[in-house]
Amino acid sequence: MAATTTGPVTMRVTEVRRRPGDGERPEKTAILLSEEAGERRLSIWVGGFEATQIAFALEGTELPRPMAYQFMTSLLEATGSRLAEARVTRLDDGTFYGVAVVEGPAGTRELDARPSDIVNLALLAGAPVRVDPEVLTEASESEKGASYLAEATTYPDDTTAIVVEFQAEMERVRAEFLRRH
């Protein structure tokens with residue numbers, strides 16, 4: 001049943017799911033979001049790098065060096081600005097579009113952005129993630145949206161597995177570096 005909403009719907013990022021690649025089949029990663037004041041859910045496919053960063057943010061695990069999203073968050077703070085909202089504004093032929101709503105000394109600006117980027121920033125900055133009602137309806141209540149969500153929830157690797165695997169790979173690379181030097 002569709003919820004009636006007049007403005008963007010606040011969502012919570014609940015997990016990251018990944019299906020590893022296999023031969024000709026490429027790796028697929030998705031972030032799953034749930035409506036804070038309701039039951040609707042949606043999945044957004046994102047790149048592996050972006051998904052890993054979201055997984056680290058969800059797990060509350062820090063990396064030994066700042067990655068791009070930590071740097072972007074620090075830049076906003078250093079300029080007296082803040083991410084006020086990450087908003088998914090459009091769904092066009094299976095591709096989500098969004099804006100970063102940034103408040104700063106020059107006022108409030110809406111910057112075109114990929115959802116994976118603004119979700120990463122929102123998690124680090126403590127900003128809300130919102131989805132325009134029309135996008136949420138199309139992505140969560142349509143047959144196609146439901147099938148995408150069902151597919152993503154079956155991916156075998158979850159948030160914790162992604163973080164553990166990345167940490168193990170970092171440790172392996174570090175050990176190899178130390179061995180060679």
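Numbers here are sequence positions counted from 1. Quantities reported herein were computed from a predicted structural model and do not represent experimental measurements.
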Open item on the list: With rounding to the nearest 0.5 angstrom, report the CD1 to CE distance, I31 to M11.
Closed with: 10.0 Å

Open item on the list: Quick check: W45 with F96 (ring centres under 6.0 Å apart)?
Closed with: no

Task: CD on E165 to CD on E169, rounded to 0.5 Å - done: 8.0 Å

- [ ] Spell out, as yes or no, whether a donor-acceptor pair under 3.5 Å connects the side chain of D117 to the backbone of A113.
- [x] no

Open item on the list: With a 3.5 Å distance limit and no angle check, can you tell me whether T153 reaches the backbone of A150 through a side-chain donor-acceptor pair?
Closed with: yes

Open item on the list: Taking CZ in F71 as the centre, count heavy atoms belonging to other residues, nucleotides or ligands within less than 6.0 Å. Is the count above 12?
Closed with: no

- [ ] May I ask you to say whether E151 pairs ionically with K28, meaning some side-chain N is under 4.0 Å from a carboxylate O?
- [x] yes

Open item on the list: Check whether S43 reaches the backbone of A152 with its side chain - one donor and one acceptor, N or O, closer than 3.5 Å.
Closed with: no

TODO: Indicate yes or no: at least one non-hydrogen side-chain atom of S81 is less than 4.5 angstrom from one of P105.
DONE: yes

TODO: Could you check if a side-chain atom of Q167 sits within less than 4.5 angstrom of a side-chain atom of M170, using non-hydrogen atoms only?
DONE: no

Only pairs under 3.5 Å count here: list side-chain donor-acceptor contacts from residues 55-63, not counting sequence neighbours, and write none if there are none.
unit_1	atom_1	unit_2	atom_2	d
E59	OE2	T160	OG1	3.0

Open item on the list: With rounding to the nearest 0.5 angstrom, report the CD to CZ distance, Q53 to F166.
Closed with: 6.5 Å

- [ ] For the residue pair D132 and V88, establish whether any side-chain heavy-atom pair is separated by less than 4.5 Å.
- [x] no

TODO: Nearest 0.5 Å please: distance from the CG atom of L42 over to the OG1 atom of T137.
DONE: 10.5 Å

Open item on the list: Salt bridge or not between R40 and E141? Use side-chain N to carboxylate O under 4.0 Å.
Closed with: yes

Task: Student check: side-chain heavy atoms of I162 and V164 closer than 4.5 Å - done: no

Task: Gap separating the CD1 atom of I118 from the CG atom of L123, nearest 0.5 angstrom - done: 11.0 Å

Task: V131-V13 co-clustered via ILVMFWY side chain contacts under 4.5 Å - done: yes

Open item on the list: If the threshold is 4.0 Å, N to carboxylate O, is there a salt bridge linking R12 and E36?
Closed with: no

Task: Approximate separation, where rounding is to 0.5 Å, of T73 OG1 and L124 CG - done: 4.5 Å

Task: Listed once per pair and sorted, the side chain to side chain donor-acceptor pair (under 3.5 Å) pairs that draw on residues 93-112, sequence neighbours left out - done: R82-E103, R87-E110

- [ ] Determine, step by step, whether L32 and L149 satisfy the side chain to side chain contact (heavy atoms under 4.5 Å, CB included) criterion, reporting the C-alpha distance in whole Å, the side-chain angles of both residues, the deciding distance to 0.1 Å, and the verdict.
- [x] CA-CA 8 Å; L32 304 180; L149 177 62; 3.9 Å; yes

Open item on the list: For a 4.5 angstrom cut-off between non-hydrogen side-chain atoms, does P8 reach P128?
Closed with: no

- [ ] Output all residues satisfying salt bridge (Lys or Arg N to Asp or Glu O under 4.0 Å) with E176, sequence neighbours left out; order by chain, then residue number.
- [x] R179, R180

- [ ] Answer yes or no: is there an ion pair linking R114 with E50, defined by an N-O contact shorter than 4.0 Å?
- [x] yes

Task: Side-chain ion pair, E39 and R41, N-O less than 4.0 Å - done: no

TODO: Indicate yes or no: at least one non-hydrogen side-chain atom of L33 is less than 4.5 angstrom from one of I44.
DONE: yes

TODO: Check each of D158, T52, D157 against R18 using the side-chain hydrogen bond (donor to acceptor under 3.5 Å, both in side chains) test, and report the only one that passes.
DONE: D157

Task: Backbone N/O of R25 and side chain of R19: donor-acceptor pair under 3.5 Å - done: no

Open item on the list: Same cluster or not: L136 versus Y148, using hydrophobic residues (I, L, V, M, F, W, Y) connected whenever any side-chain heavy atoms lie under 4.5 Å apart?
Closed with: no

